[in-house]
Amino acid sequence: MHPSIAPADFVKEIKVSSSIWMKSSGLFPLFKGWAEGYGSFTCSFMDIARLIDYIKNQQVHHKKKTFEEEYRDLLIESGIRIDERYFP
């Protein structure tokens with residue numbers, strides 16, 4: 001992402017646009033909207049291949065560890081305080 005783009009503005013645009021599409025497409029009848037917050041993390045260009053492999057295998061990976069478990073671990077590893085309001 002270009003440094004001149006504010007992450008909050010970028011995420012807002014993605015959430016608004018995708019929410020409109022998801023609700024109007026009829027493909028996701030249970031979709032009620034995105035969560036209030038968001039997480040944004042950076043990675044080194046040198047990690048790009050590892051990140052792509054992770055995304056390709058995410059479905060298999062999440063059979064071992066839930067998204068919530070993984071996200072909590074990522075927050076802890078990054079030194080970010082967990083806000084329980086965003087977890088069920």
Side-chain angles (χ1 to χ4, degrees):
M1 190 164 76
H2 193 274
S4 66
I5 300 172
D9 293 339
F10 183 67
V11 171
K12 180 181 178 185
E13 183 65 32
I14 290 171
K15 289 172 91 170
V16 167
S17 299
S18 61
S19 183
I20 291 168
W21 177 80
M22 290 177 76
K23 289 177 180 177
S24 66
S25 73
L27 297 172
F28 304 93
L30 300 178
F31 180 75
K32 302 292 184 220
W34 296 113
E36 187 177 314
Y38 69 93
S40 177
F41 299 88
T42 61
C43 69
S44 167
F45 182 76
M46 296 177 75
D47 290 330
I48 211 83
R50 190 171 63 94
L51 183 60
I52 290 169
D53 285 341
Y54 168 79
I55 292 168
K56 286 180 179 178
N57 296 309
Q58 197 168 13
Q59 197 170 19
V60 173
H61 177 76
H62 282 194
K63 287 181 180 178
K64 299 175 193 167
K65 189 184 245 189
T66 67
F67 169 78
E68 181 180 330
E69 291 169 332
E70 186 171 23
Y71 191 54
R72 284 178 178 276
D73 289 347
L74 182 61
L75 293 173
I76 291 166
E77 287 172 21
S78 300
I80 299 170
R81 185 182 60 81
I82 295 174
D83 188 337
E84 293 297 336
R85 294 178 298 169
Y86 299 109
F87 290 92

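Everything numeric here is computed off the predicted structure, so don't read it as measured data. FYI, side chains are in, hydrogens and waters are out, and symmetry mates aren't considered; it's all heavy atoms of this structure.
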Inset, instruction - Assess whether atom CZ of F45 is packed by more than 12 heavy atoms of other residues, nucleotides or ligands within 6.0 Å. - result: no
Legend entry - Heavy atoms of other groups near R72 CZ, more than 12 under 6.0 Å: yes
Show me, pair by pair, the donor-acceptor contacts under 3.5 angstrom made by side chains of residues 1-12, not counting sequence neighbours?
from : atom 1 : to : atom 2 : distance (Å)
H2   : ND1    : S4 : N      : 3.0
H2   : ND1    : S4 : OG     : 2.8

Inset, instruction - For W34 and S19, work out which heavy atoms get closest and say how close. - result: NE1-N, 3.9 Å
Inset, instruction - Check the surroundings of atom CD in E36: do more than 12 heavy atoms from other residues, nucleotides or ligands lie under 6.0 Å from it? - result: no
Inset, instruction - Rounded to the nearest 0.5 Å, what's the gap from OG1 on T66 to NE2 on H61? Could you check? - result: 9.5 Å
Inset, instruction - Check the angle between the aromatic planes of Y71 and F67 and answer parallel, tilted or perpendicular using the 30° and 60° thresholds. - result: parallel
Legend entry - Nearest heavy atoms of D83 and R85, plus distance in Å: OD2-NH2, 2.5 Å
Inset, instruction - First locate atom CG of L75, then atom CD of E70, and finally report the distance between them rounded to the nearest 0.5 Å. - result: 11.0 Å
Legend entry - Within one Ile-Leu-Val-Met-Phe-Trp-Tyr cluster: L74 and I76, side-chain cutoff 4.5 Å: yes
Legend entry - Whether K15 side chain and G33 backbone form a donor-acceptor pair below 3.5 Å: no
Side-chain donor-acceptor pairs of residues 21-29 under 3.5 Å, sequence neighbours excluded:
from : atom 1 : to  : atom 2 : distance (Å)
S24  : OG     : I20 : O      : 3.0
S24  : OG     : W21 : O      : 3.3
S25  : OG     : W21 : O      : 3.4
S25  : OG     : M22 : O      : 3.3
S25  : OG     : L27 : N      : 3.1

Legend entry - Interatomic spacing from CZ in F41 to CG in L51 - rounded to 0.5 Å: 12.5 Å
